[in-house]
Amino acid sequence: MMDIINRIKQELTKNGTEDVYSAFDAIPVSSKGNFFTIIGFRNFESLTPIYSQYTIYIPFRAELEITVTAPKNVTMEEIYNYYEIKIGKIIDSICGLTNNICRMSVKPDNSINGFILSVGLSLEGMKKIERETEI
């Protein structure tokens with residue numbers, strides 16, 4: 001799971017999305033700024049591995065959860081556009097991952113004085129692990 005989160009974080013950051021965090025980090029929300037993205041999982045299912053002579057392929061299904069937090073001066077349209085341009089297009093372009101949006105919502109959050117866009121993506125992919133050879 002962390003490999004996938006780190007890969008997505010790396011691609012988003014490389015393509016200009018700032019302040020991207022893992023749902024599993026220990027950084028307090030108060031130090032993440034006004035406009036930030038958190039990537040985590042709602043569920044993860046590893047399927048039966050496929051073995052070849054030199055490689056193990058592990059298919060998986062998961063629901064990725066992406067949360068974008070924005071200050072109140074940002075409109076709902078702006079936060080949706082931000083997701084589409086800065087996040088959605090990048091995730092669609094990551095090789096080896098198939099994804100579909102399964103849910104999306106925006107809600108105000110008075111505790112942070114802002115809005116939270118929550119997106120659930122159903123993912124399918126394959127983890128490839130090279131097998132060690134005996135000498």
Side-chain angles (χ1 to χ4, degrees):
M1 285 184 356
M2 288 308 296
D3 288 345
I4 296 167
I5 289 174
N6 289 334
R7 184 170 161 206
I8 291 170
K9 276 179 56 178
Q10 180 182 22
E11 287 299 316
L12 291 176
T13 304
K14 182 172 80 176
N15 287 286
T17 305
E18 297 177 6
D19 297 323
V20 180
Y21 302 93
S22 163
F24 304 106
D25 68 25
I27 301 170
V29 171
S30 59
S31 52
K32 290 184 178 176
N34 289 332
F35 210 110
F36 60 91
T37 302
I38 297 176
I39 301 169
F41 283 100
R42 286 190 85 160
N43 59 51
F44 186 90
E45 179 183 7
S46 181
L47 304 171
T48 305
I50 303 163
Y51 297 91
S52 72
Q53 185 175 2
Y54 302 108
T55 310
I56 302 170
Y57 298 95
I58 304 172
F60 65 87
R61 285 188 286 234
E63 184 178 334
L64 185 70
E65 172 130 299
I66 298 176
T67 307
V68 178
T69 301
K72 281 222 186 220
N73 63 342
V74 174
T75 67
M76 285 190 188
E77 183 179 1
E78 288 172 323
I79 198 169
Y80 278 121
N81 286 338
Y82 178 86
Y83 173 81
E84 184 62 33
I85 293 165
K86 293 280 196 174
I87 299 169
K89 287 184 179 186
I90 304 305
I91 291 176
D92 287 345
S93 71
I94 296 175
C95 185
L97 288 179
T98 302
N99 73 82
N100 293 306
I101 293 177
C102 56
R103 63 183 170 73
M104 180 182 275
S105 66
V106 173
K107 63 182 178 182
D109 188 330
N110 293 329
S111 67
I112 60 166
N113 197 27
F115 287 108
I116 295 177
L117 169 71
S118 180
V119 180
L121 294 170
S122 59
L123 291 183
E124 291 185 4
M126 183 96 54
K127 172 84 172 151
K128 179 179 166 183
I129 301 171
E130 300 298 324
R131 295 176 88 169
E132 292 184 22
T133 57
E134 294 182 24
I135 301 178

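The chain is numbered in sequence order, starting from 1.
Listed by chain and number, the residues in a side-chain hydrogen bond (donor to acceptor under 3.5 Å, both in side chains) with Ser46 amount to none (sequence neighbours excluded). Annotation: side-chain contact (heavy atoms from CB on, under 4.5 Å) contacts of Ser31 (sequence neighbours excluded): Ile27, Pro28. Checked against side-chain contact (heavy atoms from CB on, under 4.5 Å), Asn81 has the following partners two or more places apart in sequence or in another chain: Glu77. Residues satisfying the salt bridge (charged side-chain N to carboxylate O under 4.0 Å, His left out) test with Lys107, not counting sequence neighbours, are none. In this structure, the salt bridge (charged side-chain N to carboxylate O under 4.0 Å, His left out) partners of Lys127, at least two apart in sequence or on a different chain, are Asp3. In this view, Glu84 satisfies the salt bridge (charged side-chain N to carboxylate O under 4.0 Å, His left out) rule with no residue, not counting sequence neighbours. The ring pair (Phe, Tyr, Trp, His ring centres under 6.0 Å) test applied to Tyr80 returns no partner, not counting sequence neighbours.
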Point to revise | Chi angles and distances behind the side-chain contact (heavy atoms from CB on, under 4.5 Å) call for Tyr83, Val119 | key: CA-CA 9 Å; Tyr83 173 81; Val119 180; 3.6 Å; yes
Point to revise | Intermediate values then yes/no, side-chain contact (heavy atoms from CB on, under 4.5 Å), Ile116 and Val68 | key: CA-CA 6 Å; Ile116 295 177; Val68 178; over 6 Å; no
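Here Ile129 is tied into one hydrophobic group with Tyr51, Ile56, Ile58, each link being a pair of ILVMFWY side chains closer than 4.5 Å. Other members of the cluster containing Ile50 are Tyr57, Met126, with ILVMFWY side chains joined at under 4.5 Å, either directly or via other members.
Remark: the backbone N or O of Met2 is not paired with any side-chain donor or acceptor of Arg7 at under 3.5 angstrom. Thr13 places a side-chain N or O within 3.5 Å of a backbone atom of Lys9 that can act as its donor or acceptor partner. Not a single donor-acceptor pair under 3.5 Å links the side chain of Thr67 to the backbone N or O of Ser118. Between the side chain of Glu78 and the backbone N or O of Thr75, at least one donor-acceptor pair lies under 3.5 Å.
Cluster annotation: Leu123 and Leu47 are assigned to distinct hydrophobic clusters (Ile/Leu/Val/Met/Phe/Trp/Tyr, side-chain heavy-atom contacts under 4.5 Å, transitive). Put simply, Ile91 and Ile85 are part of two different groups of oily side chains (I, L, V, M, F, W, Y) that touch within less than 4.5 Å, one to the next.
Applying the salt bridge (Lys or Arg N to Asp or Glu O under 4.0 Å) definition to pairs two or more places apart or across chains, those involving residues 54-74 are Glu45-Arg61, Glu63-Arg103, Glu65-Arg103. Identified under the salt bridge (Lys or Arg N to Asp or Glu O under 4.0 Å) test for residues 17-26, with sequence neighbours left out: Asp25-Lys32. Sorted by first then second residue, the ring pair (Phe, Tyr, Trp, His ring centres under 6.0 Å) pairs that include residues 17-42, not counting sequence neighbours, are Phe35-Tyr82, Phe41-Phe44.
How far CD1 of Ile8 is from CD1 of Ile66: 6.0 Å, rounded to the nearest 0.5 Å. The OG1 atom of Thr98 sits 12.0 Å away from atom CG of Leu121, with the distance rounded to the nearest 0.5 Å.
Minimum heavy-atom separation, Cys102 to Ser122: SG-N, 4.0 Å. The two residues Thr55 and Glu130 have their closest heavy-atom pair at OG1-OE1, 3.5 Å. Nearest heavy atoms, Ala23 versus Gly40: CB-CA, 3.7 Å. In this structure, Leu12 and Ile87 approach most closely via the heavy-atom pair CD2-CA, 3.7 Å. Residues Met104 and Ile101 approach most closely at CE-CD1, 3.9 Å, considering heavy atoms.
Residues Val20 and Ile38 have side chains not in contact (no heavy-atom distance under 4.5 Å, counting atoms from C-beta outward).
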